2 protein chains.
Amino acid sequence: MPLIERLPKKQRHQHLLKLIEENPFVTDRELTRELKVSIQTIRLDRMELGIPELRERMKQMAEHSYDQVRSLPLDEVVGEVVDLQLDKSGISIFEIRDEHVFSRTQIARGHYVFAQANSLAVALINDEIALTASADIRFLRQVHMGEKCIAKAYVRSMNGHKGKAKVEVFTYVGEEMVFQGNFVIYRSTGEENFEGGM
Amino acid sequence: MPLIERLPKKQRHQHLLKLIEENPFVTDRELTRELKVSIQTIRLDRMELGIPELRERMKQMAEHSYDQVRSLPLDEVVGEVVDLQLDKSGISIFEIRDEHVFSRTQIARGHYVFAQANSLAVALINDEIALTASADIRFLRQVHMGEKCIAKAYVRSMNGHKGKAKVEVFTYVGEEMVFQGNFVIYRSTGEENFEGGM
DNA sequence: ACTGTTTTAGTACCAGGTTCTAAAATGATT
DNA sequence: AATCATTTTAGAACCTGGTACTAAAACAGT
C-alpha cells in the first residue's frame with residue numbers, strides 16, 4: 001500500500017474540479033491537454049468524483065434553466081430574471097448594493113441600471129446571437145442604495161425572423177419609474193452581415 | 001408543379017415548431033411518433049426550418065443560462081483612465097476579457113462597453129455630483145475577446161456652471177470606431193432640482 | 001521479488017445525430 | 001395513361017463524446 005506520493009492524484013482531482021467548474025463545456029480530450037494524463041485517467045477521475053460527461057452536464061444546465069422558470073439567477077449585476085417569455089416580455093429584479101453606488105452620494109452608477117435593462121433586453125431575444133445595436137436611454141431619477149429595481153421589458157417589433165428587434169424597457173422602484181430605454185437588438189442567426197452590435 | 005394539397009408540409013412544419021417549442025428536449029425519434037412521418041422527413045423539416053439538433057439546442061440553452069450566471073463584477077469595469085483633462089476630454093483603456101463576453105460568440109456584452117464610456121463621461125465632469133441623465137448610443141461593431149477598447153470623451157457643452165453637460169464618447173479598437181455615444185450628464189453641485197440622473 | 005495501486009491502451013458499443021445517394025410514393029400536367 | 005416535379009422514405013457511412021469492459025503496463029512500498 002503506497003503511502004507517500006499519493007498527492008498527485010488528489011491534486012489532479014482538485015485541478016480537474018477547478019477546470020470543469022471554470023468551464024463546464026470542456027471535453028475530456030481538452031482536459032487531457034491541460035492535465036497531461038490519458039483520456040482514460042480523466043474518465044476514471046470523473047467517475048471517482050461523480051462528474052457526469054459533458055453532454056449530461058449541458059443537459060442538466062439546460063434543464064435547470066428551462067424548468068426553473070422562476071428565480072433564474074442571472075447575475076448579481078444584471079439582476080434576477082423572475083419572468084421570461086421569449087420574444088415577448090420579461091421582468092428582472094436588481095437590488096442596488098454598496099458596490100453599485102458612488103460612495104460619496106450613495107447613488108447608483110448609471111451603468112448598473114443600464115446593464116440590468118440591457119441584459120434583460122438581450123435575454124428576451126430568442127436567438128443564437130442577440131446583440132445590442134443601439135439604445136436610447138433616460139435616467140429619470142437617481143436610484144439609491146438598497147432600492148430594488150424592477151425592470152420590465154417588452155418586445156415592440158421584430159423585423160422578420162432575423163434582423164433587428166426593438167425592445168422597450170422600463171425600470172421601476174416601487175411605483176416610480178426610474179429608467180426608460182429603447183433598445184435595438186440584433187437577432188442575427190448565424191449571419192455575418194453585421195453593421196455593428198454588442 | 002403540384003399546387004394544391006401542399007398544405008400538409010407547411011402544417012407539419014408548424015406542428016413541428018410548436019412541438020419543439022413546447023419541449024426542446026424532444027428527439028427526432030420521438031417526433032416521428034407524434035407527426036407520423038419518417039425520421040428522415042423530420043430531419044429534412046428541421047433543416048428547412050433551421051432548427052438545430054437536440055444536442056445543439058441543449059448546448060445553446062446551457063450556454064445561455066451559463067452566460068447569465070457568469071457575467072461578473074462590472075465594478076472596476078470602467079477601464080483605466082490614462083488621460084484626463086477635467087471638463088474637457090479624457091481617455092480610458094479597457095481590455096475585453098473572458099468574463100465580459102458571451103461564451104458562445106466571444107463578443108463583448110454591450111453593457112461593459114457602455115460602462116467604460118459612461119464612467120469616463122462621468123469622471124470627466126469636475127463636479128461633486130455628476131450623474132448620467134440620458135444617453136444615445138450606437139454599437140458600431142462587435143468587440144471581441146482580447147481587444148483593447150480605447151474610449152475618448154469630449155465635453156461638448158456646459159450649461160453654465162450647473163445643469164447639464166453634454167459629453168461625446170468614441171470608443172476605438174485600433175483605428176476602428178466600435179462605439180459612439182452622446183451622454184447628457186447632470187452636474188448639480190447643490191443637487192435639489194433633479195429630473196433624474198445616475 | 002511480490003503486492004497493490006494507478007495509469008494507459010484498446011475494443012466494442014451507444015445516442016443522436018449529419019451527409020450523401022437513391023429509390024419510392026405522391027400529385028399535378030399534358 | 002404517361003410524364004414530370006416534389007415529397008417522402010430508406011439505407012449506409014461517418015461523426016462526437018462519450019460508457020463499459022478487459023487487460024496490459026508503470027509505479028510504489030514492503
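Letters go in sequence order (proteins before strands), and every chain restarts at 1. Just so you know, these numbers come straight off a predicted model, no measurement behind them.
Under the 4.0 Å criterion applied to side-chain N and carboxylate O atoms, B:Glu95 and B:Arg97 are assigned as salt-bridge partners.
Side-chain atoms of A:Gln116 come within 3.5 Å of backbone N or O of A:Ser92 as a donor-acceptor pair. With hydrogens and angles disregarded, a donor-acceptor distance shorter than 3.5 Å links the side chain of B:Arg46 to the backbone of B:Ile51. In this structure, A:Glu147 contributes its side chain and A:His144 its backbone to a donor-acceptor pair below 3.5 Å.
Applying the salt bridge (Lys or Arg N to Asp or Glu O under 4.0 Å) test to every pair with at least one member in residues 174-184 of chain B, sequence neighbours left out, gives these pairs: B:Arg141-B:Glu176.
The CZ atom of B:Arg29 sits 11 Å away from the P atom of D:dA10 (whole-angstrom rounding). Between B:Ile42 atom CD1 and C:dT19 atom C1' the separation is 18 Å, expressed in whole Å. When rounded to the nearest whole Å, the span between NZ of B:Lys59 and P of D:dC15 equals 18 Å. In this structure, NZ of B:Lys9 is placed 9 Å from C1' of D:dT8, rounded to the nearest angstrom. When rounded to the nearest whole Å, the span between CG of A:Leu35 and C1' of C:dT8 equals 15 Å. The distance from atom CD of A:Gln11 to atom P of C:dT7 is 12 Å, rounded to the nearest whole Å. We find that CG of A:Asp28 is positioned 15 Å from P of C:dT7, with the value rounded to whole Å. In this structure, the CG atom of A:Leu16 is 15 Å from the C1' atom of C:dT7, given to the nearest Å.
Residues from residues 43-54 of chain A placing a heavy atom under 4.0 Å of any atom in DNA chain D, listed by number, are A:Arg43, A:Arg46, A:Met47, A:Glu53, A:Leu54.
For the pair A:Thr41 and C:dT7, the criterion of a side-chain N or O lying under 4.0 Å from OP1 or OP2 is not met. OP1 or OP2 of D:dT8 sits under 4.0 Å from a side-chain N or O of B:Arg12.
The side-chain tip of B:Lys59 does not point at the ring of A:Phe25 from less than 6.0 angstrom away and within 45° of straight on. In this structure, B:Arg109 satisfies the cation-pi test against B:Phe102, with its NZ or CZ atom closer than 6.0 Å to the six-membered ring centre and inside 45 degrees of the ring normal.
Residue order along DNA chain D, read from the 5' end via each residue's closest nucleotide, puts B:Lys36 first among A:Arg57 and B:Lys36.
Residue B:Asp45 is tested with B:Lys9, B:Gln40, B:His13 for a side chain to side chain donor-acceptor pair (under 3.5 Å); the sole match is B:His13.
Annotation: ring-ring contact (aromatic ring centres under 6.0 Å, His included) contacts of B:Phe183 (sequence neighbours excluded): B:Phe114.
Five base pairs at each end of the helix from C:dA1-D:dT30 to C:dT30-D:dA1 define two local axes, and these are offset by 10° (rounded to 10°).
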Please enumerate all protein N or O atoms sitting under 3.5 Å from an N or O of nucleotides 11-15 of chain C, with distances to 0.1 Å.
unit_1	atom_1	unit_2	atom_2	d
C:dA15	N3	B:Arg55	NH2	2.5

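In terms of heavy-atom proximity, A:Gly90 sits nearest to A:Leu120 at O-CD2, 3.7 Å. The two residues B:Val173 and B:Val143 come nearest to each other via the heavy atoms CG2-CG1, 4.2 Å.
Distance from the side chain of B:Val37 is smallest to D:dT9 among D:dT7, D:dT9, D:dT19.
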Output a table of donor-acceptor pairs, distance under 3.5 Å, between side-chain atoms of residues 30-37 of chain B and any protein atom two or more places apart or on a different chain; print 'none' if there are none.
unit_1	atom_1	unit_2	atom_2	d
B:Glu30	OE1	B:Thr27	N	3.1
B:Thr32	OG1	B:Arg29	O	2.5

